[in-house]
Amino acid sequence: MERYNFKQIEKKWQSFWEKNKSFKSHIDTTKPKFYCLEMFPYPSGKIHMGHVRNYTIGDVLSRYKSMRGFNVMHPMGWDSFGMPAENAARENNLHPKEWTEKNVSVMKNQLKKLGLSIDWDREISTCSEDYYKHQQLFFIELYKKGLVYRKENYVNWDPIDETVLANEQVIDGKGWRSGAVVQRKKLNQWFFNISKFSDELLNGLDKLKTWPNKVKTMQKNWIGKSFGCEINFKIKGDLPIDKIKCFTTRPDTLFGFSFLAVSVDHPLSEFFSNDLAFKKFKDECSKTGTTEESIALGQKIGFKTNLEAFNPLNEKQKVPVYFANFVLMDYGFGAVFGCPAHDQRDLDFAIKYKIPFKTVVKPVDADKNFTVKENAYTGPGEIFNSEFLNGFKVPNESIIKTIEILEKKKLGLQKINFRLKDWGISRQRYWGCPIPIAYDKDGNVIIVPEKDLPIKLPQKINLNEKGNPLDKNIEWKKTTINGKECLRETDTLDTFVDSSWYFLRFCSPNNKEYGFNNEEINYWMPVDQYIGGVEHAILHLLYSRFFMHALSFKNENFKILEPFESLFTQGMVCHETFSDKNKKWFSPDEVETKDGKNFYLKEDPEIKIFVGPSESMSKSKRNTIDPERMIENYGADAVRFFILSDSPPEKDVQWSEQGMIASYRFIQKFWQLHNKIQKKIGIASEGSVEADTELKKYTNQLINKLNSHLSKFNYNVIIANMHETYSFLSKIIEKNISRKELLENYKKILTVLSPVIPHIISECLESLKTNVFQNWPKIDQKMLEVEKIHFVIQINGKKKGTLEVLKDIEEKTLMEMIKKNVKIYKNLNNKKIKKIFFIKNRLINILLND
RNA sequence: GCCCUCGUGGUGAAAUUGGUAGACACAAAGGACUUAAAAUCCUUGCCAUUUAUGGAGUGCCAGUUCGAGUCUGGCCGAGGGCACCA
């Protein structure tokens, strides 16, 4: 029999779709719109299995929605600025732009081979001037709205390469390339005022009903809202300061106050800049601060000053003031009041420095001698040992009432604090969007006028020099703005800025004047379904949400506050790892086995290979499978089929060559079956009512099941349904089936299988002389009804058998049947029936007396 | 340390939302077809003497219920996020 030539047929349909612009999208107000978006890829060279999974999930949904009558937009683009381009440029002596463009063309070609229903006319690339000029305009817009500012901030500085390092480039406190010990250095940098919208971003999460709770919780924790109050502590000492402000969530424990600690970066530290002992202490802090180990161990160190702080509620009580490594300058006011009895961290510190403390909260049922020793008590209870606070219920009443008292006495103010920090957007790199700012001779900030945009990156660049390449490029740096000589800002924007609005650009990819066109975004936005990896749960998704708030701020015409209506986070693609005894990694291609247990190296069978656990595919562990090779070997339909088959999309999936081959065989088998059915359609004429009804029922039930699975992303179950359908069809055509029903129902079945395996289905439909773009078939509700059901018979709660009975059977009739059924009836043992639970169309449970 | 998610055969997993546990697939074993192999098809979750029959069974222990993979409480284990956030 004829083999299914996937290479030829997949190519045929891919060019058909391309020629006919089958997936081109326009505004059409007569139809409901559906904007389906998967996170766009970074053009790193080739697509990987994670992309295959991500884009297949989105493609199945897009094709489905489109057949259901939605006006679908399904675009694709490239997140094409970023560090790897610079690294590659150094290694291969290739300009970042060329490297990126080469990768884009390779990957675009690969994506096309997957048969994705993408509207390529909307393709965008964030490194193109067409894209980033609008981003520069947005930057200026936000600047004018007061949402962008400049301040000094610490960076990781590599003294050998003279460059700023991203956190992930710092390994064990050393620069990844030079190996130099990384220093903290203060630089002037640009910030987006994301914390201005802390409350909005937090509250907005409640409206996102179809986001995974996990993601919402992560964002909630990241924003970190806490309720408390700020308190001014009077200070006594030989320095010209008289108070230090602290933020606390537990003002109710103020009578347990036993020390005051401030960050080493606190303004107070300036008075100690000539103190050698303090300098040494500060160095110690920066060292322990960088290694993760020390944070995990929670080693607390302090530097005692000669200052004393007064308890605002009890002027007689004075406590020491310390600098401490565990106090962060960028949270609250960089100072904390220490209450060791009710905060473990404070307790560790107090024990280490032998600071006396008092217990002021006791569990409700504890007596007055309750004393904290080694474990801080942070639970509920009531206040004691605290004069006029005594008896307040902890936590709610005590905190609220204490704040009231503090406010009345003008000692403190209620305050809400957020963990969320402003977004530092400056990067000292070449391959990013230039910041449209310049500085005059006096260092004043000058906004680049719109007519001078875009500020293009210089083509000529030396990436092998030390330092920031743009900063070294004097020719580019020097400019004149409105006749004045200026120096350009040489930082570029964090690439997260690029991806914070790309979904808007897809709506109007060719709009010249502005990043988007209002009419178009009002039609398409928000994204109806966003699909991507959970690794972007916080930053990318939060930044995108912020960007919408920033655009709508002081703007009547922009009302989209939440860009992504629904979010789906897919799991990763995993594979076993292979290594030799020296922990050298090998790719699956280099390894062989005969028994499935013992593995050895293909090149040298003497070398034994150890199989490690299945882990997310990564280049470093060499456990990747090349999608293009899989498509070459098995075809796109088979790859799509497999990547959805084994696990629910939100969970990790294991790549298995066996599974891949099985999917390939399914496609081949399906083609053989199609040929049989086609022949049968040619021959059959009249059929039996019985067989025809069976087919109609199966078809309608299948559609019904798929509707539900598709809407819930149960794509692995859909694959199971497809297997079942194959086996059903191969049986039904052996029966006496009519030509008319076979043709009609088979077409429906083909149509509903098409989102997963579009190439072969298109070919099948065409061979039946049918339009390849079918509407999603409607369900005939009558055909969903069943006449006969398997009724479960339980005795004393245990299943004793099933009876095939007519639907809606009455209890009486069923009991008569049970009495006639010897196998089941013998279980009754002539015992008295105590009670009967009869659940219609489900089961009957007969309880017997003992 | 805090927060979240998840524990079902040898493996990946289904389960109409409290009502037949293990659909569908992978692997392994056995069988059929074949001169043989490949391909294809069939059978097999576990224990007890069999394709008939009985029993146990969804991490562990309790509870609610006629009935629990599903609900409640406690414990154990795995994965993920944040990490001195005052």
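The figures here come from the full heavy-atom set of this structure, side chains too, leaving out hydrogens, waters and symmetry mates.
A salt bridge links A:Lys697 with A:Glu787; the closest basic N to acidic carboxylate O contact falls under 4.0 Å. Under a 4.0 Å N-O distance rule, the pair A:Asp199/A:Lys225 qualifies as a salt bridge.
An OP1 or OP2 oxygen of B:rA14 is reached within less than 4.0 angstrom by a side-chain nitrogen or oxygen of A:Asn716. Distances shorter than 4.0 Å separate some side-chain N or O of A:Lys798 from OP1 or OP2 on B:rA56. At the phosphate of B:rU40, OP1 or OP2 sits under 4.0 Å from a side-chain N or O atom of A:Arg665.
Shown here are the side-chain contact (heavy atoms from CB on, under 4.5 Å) partners of A:Lys220, two or more places apart in sequence or in another chain: A:Leu202, A:Leu205. By the ring-ring contact (aromatic ring centres under 6.0 Å, His included) test, A:Phe257 is found to be paired with A:Phe233, A:Phe337, residues two or more places apart in sequence or in another chain being considered.
Listed candidates were B:rC84, B:rC4, B:rA25. Nearest to the side chain of A:His723 is B:rA25. Closest approach to the A:Ile538 side chain among B:rA13, B:rU20, B:rC82 is made by B:rC82 (side chain taken as heavy atoms from C-beta onward). Each of B:rA14, B:rC24, B:rC4 was ranked by its minimum atom distance to the side chain of A:Ala720; first place goes to B:rC24. If you check B:rU20, B:rC84, B:rA86 against the side chain of A:Asn325, the one that comes closest is B:rC84.
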Show me the donor-acceptor pairs within less than 3.5 Å that the side chains of residues 637-647 of chain A make with the rest of the protein, sequence neighbours left out.
{"residue": "A:Asp637", "atom": "OD1", "partner": "A:His759", "partner atom": "N", "Å": "3.4"}
{"residue": "A:Asp637", "atom": "OD1", "partner": "A:His759", "partner atom": "ND1", "Å": "2.8"}
{"residue": "A:Asp637", "atom": "OD2", "partner": "A:His759", "partner atom": "N", "Å": "3.4"}
{"residue": "A:Asp637", "atom": "OD2", "partner": "A:Ile760", "partner atom": "N", "Å": "2.8"}
{"residue": "A:Arg640", "atom": "NE", "partner": "A:Val756", "partner atom": "O", "Å": "2.8"}
{"residue": "A:Arg640", "atom": "NH1", "partner": "A:Asp59", "partner atom": "OD2", "Å": "2.9"}
{"residue": "A:Arg640", "atom": "NH1", "partner": "A:Leu114", "partner atom": "O", "Å": "3.0"}
{"residue": "A:Arg640", "atom": "NH1", "partner": "A:Gly115", "partner atom": "O", "Å": "3.2"}
{"residue": "A:Arg640", "atom": "NH2", "partner": "A:Asp59", "partner atom": "OD2", "Å": "2.7"}
{"residue": "A:Arg640", "atom": "NH2", "partner": "A:Pro755", "partner atom": "O", "Å": "2.9"}
{"residue": "A:Ser645", "atom": "OG", "partner": "A:Phe642", "partner atom": "O", "Å": "2.8"}
{"residue": "A:Ser647", "atom": "OG", "partner": "A:Asp652", "partner atom": "O", "Å": "3.4"}

Under 4.0 Å protein heavy-atom contacts per nucleotide of nucleotides 63-73 of chain B, with B for base, S for backbone only and - for none: ---B-------
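Below the 3.5 angstrom threshold, one finds no donor paired with an acceptor across the side chain of A:Lys220 and the base of B:rC3.
Along RNA chain B, the nucleotide nearest A:Trp222 and the nucleotide nearest A:Arg419 are compared for position; the residue whose nucleotide lies closer to the 5' end is A:Trp222.
Shown here, B:rG55 is classed anti by the O4'-C1'-N9-C4 or O4'-C1'-N1-C2 angle, which is more than 90° from 0. Glycosidic torsion of B:rU17 falls within 90° of 0, placing the base in syn.
For RNA chain B, the residues of residues 647-656 of chain A within the heavy-atom distance limit of 4.0 Å (strictly under) are A:Ser647, A:Pro648, A:Lys651, sorted by number.
A:Ser226 comes within 4.0 angstrom of the backbone, heavy atoms only, and of no base.
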Base-pairing string, 5' to 3', of RNA chain B - Watson-Crick or wobble, under 3.5 Å, | interstrand: (((((((..(((......[....))).(((((.......))))).(((....)))...(((((..]....))))))))))))....
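The distance between the ring centers of A:Phe728 and A:Tyr726 does not fall below 6.0 angstrom.
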